[in-house]
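For the single chain, residues carry numbers from 1 onward in sequence order. In listed order, ligands and their atoms are each counted from 1.
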Amino acid sequence: MVKKRTCVFISGRGSNLHNLILHSRNNSFPVRINLVICNNSNAYGINFAKKHKIPYVFINTKIKNFENKILFHLKEHKISFICLAGYMKIISDTFIKNFRGKIINIHPSLLPKFKGLNTFSRMLKNKEKVAGCTVHYVNKKLDDGKIIIKKNFLINDKDDELSLKNKTQKLEYKAFPEAIIKIFRNT
Ligand code: GRF
């Protein structure tokens, strides 16, 4: 199987990046992580790229034309698939047009509920009974594209923001690889 050349975009801890790197070592996993793009020079996640000798690039997303710089690196590394894993920047429509149907994101709620930030505090405030995560295609609206996979769990009385986050992330480590396998299963 020819693995898809993939880039993971991160801004922080990078635990999903790490999980994807570990999965990609499996011969039957459809993608290889060939590049990491990071827009935060303090992001812990970059250590996973270093440890696994994966090329990485820091991009200052405060400067003009930063997406052109990203596109340059993606081209240079012949990237054909993009995973957003905690990348805290909205992707422009122009950028999406370059990779239509080839960008996916993981979000810590059961979309379409709780788009955007601070999902766990809003869930608790709303007295939600179920939480979870969603992997979806990226379109020009925030956390809005076609859903690939959702995974959920029941919220209990003792749950707080931290426990919800931990439980959600555990599910994310299953959902992200499963979504990728699902996407490429018939290719
Ligand atoms: C994840 O919870 C993901 O759902 C959200 O950002 C978080 C990233 O975590 N989009 P990590 O950096 O992969 O640890």
**Request:** For atom 14 (O) of ligand 1, find the nearest protein heavy atom and state the residue, atom name and distance (0.1 Å precision).
**Result:** Ser15 OG, 2.5 Å

**Asked** Does any N or O atom in Gly14 lie less than 3.5 angstrom from one in ligand 1, N or O only?
**Response** yes

**Item:** Minimum-distance protein heavy atom relative to atom 3 (C) of ligand 1
**Value:** Glu172 OE2, 3.3 Å

Using residues 94-105 as the side-chain source, report each donor-acceptor pair under 3.5 Å to any protein atom, sequence neighbours left out, with the distance given to one decimal.
unit_1: Asn98; atom_1: ND2; unit_2: Thr94; atom_2: O; d: 3.0
unit_1: Asn105; atom_1: ND2; unit_2: His136; atom_2: NE2; d: 3.1
unit_1: Asn105; atom_1: ND2; unit_2: Asp143; atom_2: OD1; d: 3.4

**Prompt:** atom 6 (O) of ligand 1: which protein heavy atom is closest, and how many Å away?
**Reply:** Gly86 CA, 3.4 Å

**Request:** Could you tell me whether some N/O pair between Asn16 and ligand 1 is separated by less than 3.5 angstrom?
**Result:** yes

**Message:** Taking distance alone, with N or O pairs closer than 3.5 Å, would you say Gly12 contacts ligand 1?
**Reply:** no

**Fill in**
atom 9 (O) of ligand 1: closest protein heavy atom, distance to 0.1 Å, is Gln169 NE2, 3.0 Å

**Request:** Scan side-chain atoms only and decide if Tyr173 and Ser15 contain a donor-acceptor pair under the 3.5 Å cut-off.
**Result:** yes

**Request:** Please test Phe184 against Phe81 for ring pair (Phe, Tyr, Trp, His ring centres under 6.0 Å), starting from the C-alpha separation and ending with a verdict.
**Result:** CA-CA 11 Å; Phe184 294 110; Phe81 188 64; 4.9 Å; yes

**Prompt:** With distance as the sole criterion, is a donor-acceptor pair present between the side chains of Ser11 and Asn39 under 3.5 Å?
**Reply:** yes

**Asked** What's the shortest distance from atom 10 (N) of ligand 1 to any protein heavy atom, and which residue and atom give it?
**Response** Ile106 O, 2.9 Å

**Prompt:** Using the ring of each side chain (for Trp, its six-membered ring), is Tyr87 parallel, tilted or perpendicular to Phe9, with breaks at 30° and 60°?
**Reply:** perpendicular

**Close approach of Ile10 to ligand 1, heavy atoms, under 4.0 angstrom** = no

**Prompt:** Who pairs with Lys113 by salt bridge (charged side-chain N to carboxylate O under 4.0 Å, His left out), at least two apart in sequence or on another chain?
**Reply:** Glu128

**Message:** So Thr168 and Phe153, do their side chains get closer than 4.5 Å, heavy atoms only?
**Reply:** yes

